[in-house]
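Notes for the one structure printed next.
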Number of protein chains: 2
Amino acid sequence: MAEKNPFFTAAGDEGCAVYGIHERAIRSVQDQMPWQEDLDKLAEFYRLFGDKTRLKIIWALSVCEMCVCDLCALLQMRQSAVSHQLRTLKLTRIVRSRREGKVVFYALDDDHIRNVLEVGYKHLKERE
Amino acid sequence: MAEKNPFFTAAGDEGCAVYGIHERAIRSVQDQMPWQEDLDKLAEFYRLFGDKTRLKIIWALSVCEMCVCDLCALLQMRQSAVSHQLRTLKLTRIVRSRREGKVVFYALDDDHIRNVLEVGYKHLKERE
DNA sequence: TTTATATATGATTATATGATCATGTTTTGA
DNA sequence: TCAAAACATGATCATATAATCATATATAAA
C-alpha cells in the first residue's frame with residue numbers, strides 16, 4: 001500500500017532536523033494510514049455529524065422515521081432550512097426518503113449510523 | 001427527562017396539518033433524544049473529525065505519538081497550520097502533548113477516539 | 001549570552017457553509 | 001381545474017473557519 005499511496009512524499013522545506021530520527025515512525029504511520037482519498041471521504045462523512053441541525057435530524061431519525069414537518073416541529077426551524085439539510089443528508093446517503101401522498105418521510109439509510117452516534121455519545125458521557 | 005428537557009416546545013407557525021397524527025411519534029423521539037446541550041457538544045465533537053487536516057492528524061496519532069515536525073512532513077503542510085489545528089485538538093481534549101527538549105510530542109488523549117475512527121471507516125468501506 | 005531550532009499564536013484573508021427569502025414542484029381534495 | 005398543503009430548491013447574505021504571514025516563546029548548543 002505504501003508504495004502506491006502518494007500520501008507521503010518527502011519532508012518539505014520545513015522538515016526539522018529531528019526528521020531522520022523519526023523517519024521510521026513516519027513510515028510506519030504512513031503504512032497504517034488509509035489512502036488520502038479515503039481520509040477525505042471520511043472527513044466529509046464526519047462533517048455531516050458536525051452541525052447541530054444535521055445531528056439533531058440524524059438522531060431523531062435514528063429513533064424512527066419522520067416527515068419533514070415533524071422535523072420542523074421538533075427542531076423549531078423553518079421548513080426550508082430543514083429541507084436543505086435533508087437534501088445534503090440524502091445526497092450523502094445518510095438518509096433515504098419515501099413519499100406518501102403529500103408527505104415525505106425520511107429515515108436513516110443505514111444501520112451503521114446509529115453506531116456512529118453511540119460511540120461519540122459514549123465518549124462525551126465518559127468525559128463529563 | 002422529557003418534562004425538563006426544553007428541546008421541544010410546540011409546533012411552530014409552520015406546523016403542518018399532519019402534526020396531530022404524528023404527535024405521538026414526535027414525543028417518542030423527543031424522549032429518546034439527548035439534551036440539546038449534549039447534542040451541541042456532540043456536534044462540536046464530530047466537527048473536529050470533519051476536516052481533512054485534523055482527521056489526518058488524528059489518524060496519524062492513533063498509530064503512534066508524533067512531534068509537530070513529523071506531522072508537517074507527513075501532511076506536507078506548514079508548521080503554522082499544523083500547530084493551529086493541534087491547538088484546536090488540544091483544547092477539545094482530543095490530543096495531549098508532552099515536551100522533550102525543543103520537541104513537542106502529541107498523542108491521542110483518549111482511547112475512545114480510535115473507536116470513532118473505526119466505526120466511521122467501516123461504514124465507508126461497507127458502502128464502496 | 002548569542003544563535004539556531006522547534007513550536008505557538010495573533011492578525012488577516014479567502015473560502016465554505018448554514019439560514020433565509022422567494023419561488024417552483026408535486027399531490028390531494030374541492 | 002383550481003386551490004391549498006407539503007416539500008424542494010435557487011439566490012443571497014452573514015458568519016465561521018482554515019491557511020498563511022509575521023512574529024513571539026522556549027529550549028539547546030556554541
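FYI, side chains are in, hydrogens and waters are out, and symmetry mates aren't considered; it's all heavy atoms of this structure. Just so it is clear, the model here is predicted, and its values are computed rather than measured. Reminder, nothing fancy here: chain letters follow the sequence lines and each chain counts from 1.
A 4.5 Å side-chain heavy-atom check between B:Leu74 and B:Lys56 finds every atom pair outside the cut-off.
Under the rule for a salt bridge (Lys or Arg N to Asp or Glu O under 4.0 Å), B:Arg54 has no partner lying at least two apart in sequence or in another chain. Here B:Lys52 pairs with A:Asp40 under the salt bridge (Lys or Arg N to Asp or Glu O under 4.0 Å) rule; sequence neighbours left out. Qualifying side-chain contact (heavy atoms from CB on, under 4.5 Å) partners for B:Val68, counting only residues two or more places apart in sequence or in other chains: B:Cys72, B:Gln79, B:Val82, B:Ser83, B:Leu86, B:Tyr106. Every residue meeting the side-chain contact (heavy atoms from CB on, under 4.5 Å) condition with A:Val119, not counting sequence neighbours, appears here in chain and number order: B:Asn115, B:Val116, B:Val119. Among residues two or more places apart in sequence or in another chain, the side-chain contact (heavy atoms from CB on, under 4.5 Å) test is passed with A:Lys125 by A:Tyr121, A:Glu128, B:Asp38. Residues that satisfy the ring pair (Phe, Tyr, Trp, His ring centres under 6.0 Å) test with A:Phe45, not counting sequence neighbours, are A:Phe49, B:His123. Partners of A:Glu100 according to the salt bridge (Lys or Arg N to Asp or Glu O under 4.0 Å) rule, which considers only residues two or more places apart in sequence or in another chain, are A:Arg98. Applying the side chain to side chain donor-acceptor pair (under 3.5 Å) test to A:Ser62 and every residue at least two apart in sequence or in another chain returns nothing.
For the atom pair A:His84 NE2 and A:Leu89 CG, the distance stands at 13.0 Å (nearest 0.5 Å).
End-to-end axis angle for the helix from C:dT1-D:dA30 to C:dA30-D:dT1, using five pairs per end and rounding to 10°, comes out at 10°.
Backbone-only contact: A:Tyr106 has heavy atoms under 4.0 Å from sugar-phosphate atoms and none from a base.
Here C:dT9 presents its P atom at 5 Å from CZ of B:Arg87, a figure rounded to the nearest Å. The interatomic distance linking B:Glu65 (CD) with C:dT7 (P) rounds to 12 Å, in whole Å. Between A:Ile57 atom CD1 and D:dA8 atom C1' the separation is 14 Å, expressed in whole Å. Protein atom CG of B:Leu71 is 15 Å distant from nucleotide atom C1' of C:dA8, rounded to whole Å. The distance from atom CG of A:Leu91 to atom P of C:dT17 is 14 Å, rounded to the nearest whole Å. Put simply, CG on A:Leu86 is 10 Å from C1' on D:dC7, counting in whole angstrom units. When rounded to the nearest whole Å, the span between CD of A:Gln76 and P of C:dT20 equals 12 Å. Summarising the geometry, the separation between NE2 on A:His22 and P on C:dA6 is reported as 10 Å, rounded to the nearest angstrom.
Each salt bridge (charged side-chain N to carboxylate O under 4.0 Å, His left out) pair with one or both residues in residues 103-121 of chain A, not counting sequence neighbours, appears once here: A:Arg96-A:Asp109, A:Asp109-B:Arg127, A:Asp110-B:Arg127, A:Asp111-A:Arg114.
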Any N/O pairs under 3.5 Å between the protein and nucleotides 25-30 of chain C? List them or say none.
none

Detail all sub-3.5 Å separations between protein N/O atoms and N/O atoms belonging to nucleotides 16-24 of chain D.
residue : atom : partner : partner atom : Å
D:dT17  : OP1  : B:Arg47 : NH1          : 3.4
D:dA18  : OP1  : B:Arg54 : NH2          : 3.4
D:dA18  : OP2  : B:Arg54 : NH1          : 2.7
D:dA19  : OP1  : B:Thr53 : OG1          : 2.6
D:dA19  : OP2  : B:Gln85 : NE2          : 3.0
D:dT20  : O4   : B:His84 : NE2          : 3.3
D:dC21  : N4   : B:Ser80 : OG           : 2.6

